[in-house]
Amino acid sequence: MFLDAVKKTTESNTNELFENGFGSHTAEEVYTKWAQWQPSLISHHGDMCCEISREWVTAMDFSELNGEDVLTGPRWLREKFHWGCSTFPIFWCEAVRKSILDCGALAALAHEVFISRGVKSVRVQLVQKFSKNSTRQWASNWHDGNTQLEWVNEDLIYHEGCAVVLPDNKIKIWDASAGWWVDPKQRNGYGSVVAVRLFASSNNGAETGFTWGDHHLTVNFWQKIAQVSESFAV
Amino acid sequence: MKIYISGLYCGTNPQPGVGIARSLRGAYPNATLVGVEYSNRCSGVHWQDLDDVWLQRPWEELNLADHADQIRKVLDAGGLWISSIDLEIMWLGSAFPEGHPNLLVPSLPALQKVSKPAISAHKDLPVKIPTFVTTELSDWDLHAFCREHNWRVWLKGPYYEAVRVRSWTEFVTMRNVLSTAWSTDRLYLQTHVSGYEESITLSAYQGELLHCVAMRKRDLTEMSKTWAGDISEVPEEFVSALRGVIKTLNWSGGAELEMVRDSQNQLWLLEVNPRFPAWIHGATIAGHNMSALLVEAVTGEPAQKSPAISEEFTRVVLEVPVRPELPLSPLPEPLAGRVGHSLKHPSGLLQFANRLHDLNVFNHEDDAAANIENGNNGNGALPKTDTANVPTSFVDDLTHFDLGQIETPSFLFLEKTATGLFNKAQALSAELSTEDIKVTNAYSIKTNPDERLIRLAHESGFLAEAISLLEVKKALDAGFNSDQIILNGPGKWWHKEALPEGSLYSVFCDSMEDLTRVVEEYNSGNLKTRVLGIRLRTPNISSRFGIPIDTPEAFQMLVGAVRNLPRDCRFGIHFHMASSNVGVGQWWHLFESMLKWCSSIEALGGRTIEVLDIGGGWFPEDLAKNSGDRFRKAINLIPEFLPHVRQILSEPGKAIAQPSMALAMQILEIRNSYGETREVVVDGSIAELPMYFFYPHRILSRDRQSGAWKSLNRGKTHLLGRLCMEHDIVATNVELPQDAEVGDVLVFCDAGAYDRSMSYVFGRG
């Protein structure tokens with residue numbers, strides 16, 4: 001039928017290193033820079049200062065949930081904290097008093113609140129494509145433009161989120177910095193997710209991996225999220 | 001090929017006509033596309049893809065029979081008619097009861113099956129319908145529905161328009177607006193579903209589903225209308241079910257299923273529009289030319305292929321040249337100095353709706369039956385009754401009054417009702433108490449300081465809750481001992497000279513400053529109390545009371561203070577939010593949320609919490625309804641969070657006091673009615689019913705023949721208070737008995753709580 005939409009073809013193959021279908025980047029370039037990075041953590045002084053702060057976050061989250069489902073994204077965190085530069089290590093007692101937190105700190109907080117709600121959650125690292133103009137702007141705002149930001153590589157950026165695990169090992173990825181669920185229907189272009197790495201222990205889905213939209217993701221490995229760019233070129 | 005397309009309005013809530021024209025132009029470059037409109041203010045008439053515009057007079061003055069004849073000629077001549085106007089589609093269904101092969105709209109019976117809110121045709125689809133009720137119910141029942149659903153409800157019009165109402169005042173105002181606009185009381189309230197909006201649009205001809213696609217809203221206007229979206233295929237299980245529904249309905253034309261997907265992935269069907277959606281060209285951009293498919297099915301003429309350009313679409317605002325033959329009209333004068341030149345519904349859809357009512361196009365009996373029958377998920381309408389039930393004890397109590405001898409307006413103490421409610425509350429607390437946790441009631445004196453109620457509270461084993469030392473004195477005078485008194489509130493030390501020498505039961509501090517002072521007074525021996533506690537401010541619901549915990553700094557300060565509390569008295573926590581304001585479900589979430597906060601305070605502050613005061617603010621029916629089960633669950637939940645709690649304090653004052661008094665008032669004047677609405681002046685006023693704006697009151701009148709008390713139904717009479725105040729209207733839309741006379745007494749029930757305690761002297765000289 002003439003009206004049939006051209007179906008998308010989605011790949012997520014860790015063995016395929018050189019064809020990612022995006023701009024000039026090869027798969028290696030996409031995530032090599034951050035291959036050794038671990039998800040950000042909120043540290044604990046082992047004292048009351050941090051314990052009070054952690055309790056405050058989880059209690060506040062339950063109040064903010066306001067009777068909605070536990071799988072509701074904790075957007076209140078993004079309403080309280082602006083996105084910006086954080087320095088690490090960052091402790092609970094510091095983090096909750098900041099007005100600005102970076103994606104790693106926000107993702108760590110979101111991960112904690114999901115777990116406190118009884119929702120299975122895993123940490124997620126992402127590589128997103130923006131534009132060189134955007135990354136230049138971020139560099140300018142964060143370091144007066146004099147220093148190369150470690151989380152930026154040309155038009156690509158390192159980003160963090162967390163995923164909630166649904167029945168049948170499906171996941172949804174929460175972007176705590178944006179306050180939205182990342183769309184698994186990947187499309188090339190500004191803001192698109194280029195690569196993903198999930199962190200999960202063996203008792204947390206590591207063996208079977210997870211399904212994110214049409215993607216099957218194995219854990220603890222960077223995987224590119226590719227889409228054939230000519231899909232809609234008819 | 002000649003195709004007529006109606007519905008060319010192009011504001012921020014546009015009709016689909018222009019989108020259909022754009023899609024058809026791409027598929028049939030040589031077709032003659034004729035735009036049909038009923039106002040030249042609908043800017044789509046100027047769209048370039050239209051070869052001609054068939055401009056009709058507005059709906060309010062259109063000769064419908066003549067218009068139907070003209071359309072029949074067009075159809076008989078081979079023209080196709082794609083309507084994009086819901087009301088026009090309903091009218092066409094009645095004007096062409098046998099249909100017409102070229103009239104691409106569903107039949108009237110099919111429309112009946114998809115009429116909202118029940119949408120009876122949904123049963124075979126994998127969707128649910130949000131719970132709803134018709135606004136033809138009594139105000140008392142409507143208020144209960146809103147409370148039950150946490151005031152997360154939408155008031156929806158019969159055809160168009162939906163407004164979120166968050167309070168009784170908002171509801172009453174918007175009901176009046178929508179009822180007036182659409183000339184019907186047949187509105188409905190539907191629960192809000194949190195989630196993401198998505199739609200399915202379909203194209204069908206004579207019961208055959210031609211195609212369907214899904215669209216997720218990706219950007220919205222301030223009215224929640226689509227501004228951008230993405231298109232995808234509909235899952236096969238949905239398509240299969242939809243195919244069956246379309247076949248059953250013998251559907252022709254476009255349609256849109258508007259839905260919300262919640263966080264559990266459940267789809268909730270809000271409505272079925274009997275036409276293509278306004279974003280229909282977005283589907284064409286993605287390669288799904290739904291309107292071309294429809295035309296192809298009717299004519300057999302192959303359409304040109306629509307390229308799939310993008311799965312995503314968005315809107316922009318465009319300026320286009322005005323057709324010289326349809327120059328712009330002048331703007332209407334702002335009415336009576338108001339701001340703006342309202343151009344809403346320029347084609348006269350409101351008046352058209354009225355005409356359709358008069359033509360009886362809609363079979364409301366079938367509609368009502370369908371709405372009651374509704375649902376594969378049990379979310380049907382309540383049985384229709386516009387009369388509120390009144391407990392028999394009210395009527396029994398009223399028989400003890402000689403209302404002919406009472407000077408009105410006058411509060412009537414319903415002793416049997418009050419006694420029964422106190423007894424019931426006491427029995428419930430005894431039933432809920434366990435070996436480990438004792439549940440005790442406390443009567444909040446401010447709710448109604450009438451001595452008869454305070455005495456009943458004392459006799460029923462209640463504690464007394466006071467918010468000032470004057471109230472403490474009143475409790476003592478009524479027979480309470482000081483250690484049966486809970487002292488609470490921000491001004492509790494007002495009239496400090498009245499502080500009793502004996503120990504109080506508990507003192508709950510409203511601020512950090514209050515806490516500091518109370519601890520000092522306690523340590524110095526000036527204040528004696530068995531329980532020293534704090535009131536927590538609800539962190540996510542606006543409140544002026546209690547110690548805030550909504551910042552880490554405030555929380556840390558509180559934890560520090562709790563660590564320094566005197567060790568020789570018990571520690572308690574109080575929280576309160578009126579469930580009648582926030583809704584029943586939200587209150588129970590708040591309860592659980594507060595247990596969590598208390599648990600954190602206990603762990604971090606190093607003080608065990610032994611007493612929990614959970615406040616009141618219950619609407620009587622909400623406390624009575626399943627109260628045993630709900631409270632039992634709550635009591636069972638407490639040890640999980642707070643294993644050391646031994647005492648629960650519950651304050652059901654409002655639930656008990658509110659039904660315990662009624663207000664009798666007399667009719668002073670019955671005015672001749674002009675139009676539908678009748679005005680009646682009474683000697684009562686909002687000075688005696690200050691809570692009128694916050695919840696409805698059941699009103700009783702005495703039947704002249706039988707002498708029986710009966711609830712007033714909904715009707716067209718407004719009861720005006722005696723005060724020279726514009727807003728002194730004590731009831732709207734009630735139905736007085738036909739034989740009502742000046743001097744008749746009306747009894748307003750449910751006036752025994754804050755109506756009584758907050759009533760004021762006004763207009764009495």
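Per chain, numbering begins at 1; letters A, B, ... match sequence-line order. The structure presented is a predicted model; accordingly, all values stated were derived computationally and were not measured.
The structure places NZ of B/K596 at 7.5 Å from CD of A/E55, a figure rounded to the nearest 0.5 Å. To the nearest 0.5 Å, atom OG of residue B/S263 and atom CH2 of residue A/W181 are 8.5 Å apart. From B/Q556, atom CD reaches atom CD of A/E51 across 12.0 Å, with rounding to the nearest 0.5 Å. Distance check: A/W56 CH2 to B/E553 CD gives 8.0 Å after rounding to the nearest 0.5 Å. Rounding to the nearest 0.5 Å places CG of B/D550 at 8.5 Å from NZ of A/K80. Put simply, CG on A/D69 and CG on B/N265 are 11.0 Å apart, with the number rounded to the nearest 0.5 Å.
In terms of non-hydrogen atom pairs under 4.5 Å with chain B, the most contact-rich of A/V96, A/N66, A/I52 is A/N66. The choice from A/V70, A/V57, A/D183 that makes the most heavy-atom pairs within less than 4.5 Å of chain B is A/D183.
Legend: residues meeting side chain to side chain donor-acceptor pair (under 3.5 Å) with A/S63, ordered by chain and number and at least two apart, are B/S593, B/W597. Partners of A/R197 according to the salt bridge (charged side-chain N to carboxylate O under 4.0 Å, His left out) rule, which considers only residues two or more places apart in sequence or in another chain, do not exist here.
Remark: the backbone N or O of A/E68 is not paired with any side-chain donor or acceptor of B/H589 at under 3.5 angstrom.
Looking at heavy atoms from C-beta onward, B/E312 lies out of side-chain contact with A/K185 at the 4.5 angstrom threshold. Using a 4.5 Å cut-off on side-chain heavy atoms (C-beta onward), B/P539 and A/M60 make contact.
Other residues, nucleotides and ligands contribute at most 12 non-hydrogen atoms within 6.0 Å of the CE atom of B/M557. Shown here is B/R607, whose CZ atom has more than 12 heavy atoms of other residues, nucleotides or ligands within 6.0 Å.
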